[in-house]
2 protein chains.
Amino acid sequence: MAAVPGFPQAGRAKLADVAKLAGVSVGTASKALNGGGRMRPETRQRVLAAVEALDFRPNQHAQSLHTGRSWTVGLMTTDGIGRFSTPVLLGAEDALGAGKISVLLCDTRGDAIREQHHLRNLMDRRVDGIIVTGRRTDPRSPLTGIEPIPTVYALSPSVDPDDMSVVSDDRSGARLAVDHLLATGRTRIAHVTGPAHHAAARDRAQHTVELLEQSSLALSTGRVHFGEWSETWGRRAAETVLRAAPDTDAFFCGNDQIARGVADSLRENGVDVPGRVAVVGYDNWDVMALACRPPLTTIDMNLAEVGRQAALRLLDAIGGKPEPGVRTVPCRLVVRESS
Amino acid sequence: MAAVPGFPQAGRAKLADVAKLAGVSVGTASKALNGGGRMRPETRQRVLAAVEALDFRPNQHAQSLHTGRSWTVGLMTTDGIGRFSTPVLLGAEDALGAGKISVLLCDTRGDAIREQHHLRNLMDRRVDGIIVTGRRTDPRSPLTGIEPIPTVYALSPSVDPDDMSVVSDDRSGARLAVDHLLATGRTRIAHVTGPAHHAAARDRAQHTVELLEQSSLALSTGRVHFGEWSETWGRRAAETVLRAAPDTDAFFCGNDQIARGVADSLRENGVDVPGRVAVVGYDNWDVMALACRPPLTTIDMNLAEVGRQAALRLLDAIGGKPEPGVRTVPCRLVVRESS
DNA sequence: TTCCGGCAGAAAATCGTTTTCCCAAACGGG
DNA sequence: CCCGTTTGGGAAAACGATTTTCTGCCGGAA
């Protein structure tokens, strides 16, 4: 690391400098670094010593120009980087970083123009691959005009089943919640969730109904309560449910905000949670789940794992082993005091 | 865009192909593209037409190799990508994207080893600049070993005053809150905030006290209530305050979680908000502020603007016009129904 | 002594641009 | 008609690595 007389300052040495210091040619120096070619061990040592002395770091632009690889993947998020895409993003970054690959961030803000713009940019940079993530679990139309670049869709799958997608397993989430409630003796379960035009709400609701049927049960109110993903809706829905089916002994909610609204409403109406009624949320969003009174039992989608899986599949595809299709990541039940 | 016989398929044409199709030399083709050199308009047109026909896009690796610029900046976040760094990040991406610069994401998870690792990576990639953001407003020690690379610290300033930093103006935040409360007739103000070892809590508290003094007022309880950034603490503190100073007519809280806790506690104790007591939060975190009953008046730190300013300063520095020092971004008062 | 195989390492080609230098033709003024 | 001065455009040298090809040189065998 110490400055060597006659050579450029540390950090900006080029391979030619290393070669000169070691008394060999550039080609030989390169071979010494990259394993390859035959050479006297002593020569290799000299080169390695020179690398050390000059703190040489290869110029990645030169490498990329030669190999055509950028050791970079694009990460496109469609919703500003929200509560859902963030953990996915971190999981992906984690898995990629291990492989010396960096992440180029692109936020489309849900705008198709911006998406095309970023796409051009990523192609110009010759990224090795692309991960696309969205806020919702609704399928999205695939990116266009990226023929040769491996792409993985995370969280929001592509509508094309031949694309690679990694999603959270809504069915497993519903199963964990329902099984947990049944196992703790609840049989009169209500389901309050978000808007019916969201796949997440529809799918979880459908699975819930099916799972109850398998135990010869039905929803306590006879129907799913679709609404919004908000506490306000949770509070309103709780009252509706209690009026329609006063013997309801559990709420399975489509997300933690709704669940918290439900819990607040129950408490304020003097209904004991979990004594008389259990509440289970979805998302394991800590600020909601932990601040809730009582703290929420909830379903964790393992979003970081979704991101990690997406990254791993992308690496496979970059390595020439693409596995088309949708892969699901199972959820996890987090039991707290509301059930 | 249509395939031209005898030429590689669209998207992978090189400048040599363009030149051949236009009947000029590579150098001339380059000049035609980049404005420069003198040439007959007709020749330039021929080149441009060829570019169009072949859908030519310059190889950025080649450009970067030649110019030494990567048109990329590193964005290091120290805390996963949390609630605070996300808007900063988006603001920065927005400002940089306009300048054809892409963002390379690095998350250190607060780990020094990882930080060094990412730093090496960024230097190897010859990024044009670096933006460092953190979760807290406490000053952080500057990055080491990046001598020649322009760096801007966002949200968490560098302890070295000669570095470039962009932070939220805590003083303006406190002023907006206090002035608003005074203007609406409140004079017995309590201040509940986070841990005293957080600069954000200390600074806002200090400014609040100073501002009150300027109006010959003091805190209703005679002291600042330091605690945690949580709803639980907000609820506890509200009761403490009401017991110590029952004539308190306003709470200014260090963040929206605390404010929500305070509001909840007041409501449950039958204290009318905003009728008898006003509540003002800090952060304008929508899920908290909007879900609160009543919706919270709060201070917005304009974090996206912090990110944007950081990006702009970085661009200036990259362009050779660095302006060392700390720059502050003023806050914004968002009035809702809690005051 | 001659020839050949093997090996260490040098030299050169390559990746795709940008940029500098240089040459030829055209042009204008005296 | 001749000599500068523009002008348009080509050739070639960077940029910094990797990879392929080529050249000595040595030892051993015929």
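Naming convention: chains lettered A, B, ... in sequence-line order (proteins, then strands); numbering from 1 in each chain. Not measured: the values here are computed from a predicted model.
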Trainee: Would you say B:Arg40 reaches D:dG9's phosphate, i.e. side-chain N/O to OP1/OP2 under 4.0 Å?
Mentor: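 Checking B:Arg40 against D:dG9: at least one side-chain N or O falls below 4.0 Å of OP1 or OP2.
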Trainee: Have a look at B:Thr43 and say if it touches a base, only the backbone sugar-phosphate, or nothing, with a 4.0 Å heavy-atom cut-off.
Mentor: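 The answer is sugar-phosphate, as B:Thr43 gets under 4.0 Å only of primed atoms, P, OP1 or OP2.
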Trainee: Looking at residues at least two apart in the chain, or sitting in another chain, which of them share a side chain to side chain contact (heavy atoms under 4.5 Å, CB included) with A:Gln45?
Mentor: A:Leu48
Trainee: Between protein and nucleotides 16-28 of chain D, map the contacts as a letter string: B base, S sugar-phosphate only, - none, heavy atoms under 4.0 Å, written 5' to 3'.
Mentor: BSBBB--------
Trainee: Without placing hydrogens or testing angles, list every side-chain donor-acceptor pair under 3.5 Å for residues 154-164 of chain B, not counting sequence neighbours.
Mentor:
unit_1   : atom_1 : unit_2   : atom_2 : d
B:Ser156 : OG     : B:Arg136 : O      : 2.4
B:Ser158 : OG     : B:Asp160 : N      : 3.0
B:Ser158 : OG     : B:Asp163 : OD2    : 2.7
B:Asp160 : OD1    : B:Asp162 : N      : 2.7

Trainee: Run the side-chain hydrogen bond (donor to acceptor under 3.5 Å, both in side chains) test against A:Ser30 and tell me which residues pass, sequence neighbours left out.
Mentor: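 Listed in chain order: A:Asn34.
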Trainee: Could I get the full list of side-chain hydrogen bond (donor to acceptor under 3.5 Å, both in side chains) partners for A:Thr28, not counting sequence neighbours?
Mentor: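 Only A:Ser25 meet the side-chain hydrogen bond (donor to acceptor under 3.5 Å, both in side chains) criterion with A:Thr28.
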Trainee: Rounded to 10°, tell me the angle between the two end axes of the helix from C:dT1-D:dA30 to C:dG30-D:dC1, each built from five pairs.
Mentor: 70°
Trainee: Can you give each donor-acceptor pair under 3.5 Å made by side-chain atoms of residues 303-320 of chain A, sequence neighbours left out, with the distance rounded to 0.1 Å?
Mentor:
unit_1   : atom_1 : unit_2   : atom_2 : d
A:Glu305 : OE1    : A:Arg308 : NE     : 3.1
A:Glu305 : OE2    : A:Gln309 : NE2    : 2.8
A:Arg308 : NH1    : A:Asp94  : OD2    : 3.0
A:Gln309 : OE1    : A:Arg327 : NH1    : 2.9
A:Arg313 : NH1    : A:Ser165 : O      : 2.8
A:Arg313 : NH1    : A:Gly325 : O      : 3.2
A:Arg313 : NH2    : A:Glu323 : O      : 2.1
A:Arg313 : NH2    : A:Gly325 : O      : 3.2

Trainee: Residues in side-chain hydrogen bond (donor to acceptor under 3.5 Å, both in side chains) with A:Arg140, at least two apart?
Mentor: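 Once residues adjacent in sequence are excluded, the partners of A:Arg140 under the side-chain hydrogen bond (donor to acceptor under 3.5 Å, both in side chains) criterion are A:Glu115.
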Trainee: Just to verify, what does A:Asp169 make a salt bridge (charged side-chain N to carboxylate O under 4.0 Å, His left out) with, not counting sequence neighbours?
Mentor: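 If we apply the salt bridge (charged side-chain N to carboxylate O under 4.0 Å, His left out) test to A:Asp169, skipping adjacent residues, there are no hits.
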Trainee: For a 4.5 angstrom cut-off between non-hydrogen side-chain atoms, does B:Arg109 reach A:Leu90?
Mentor: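 The answer is yes, as the side chains (C-beta and beyond) meet within the 4.5 Å cut-off.
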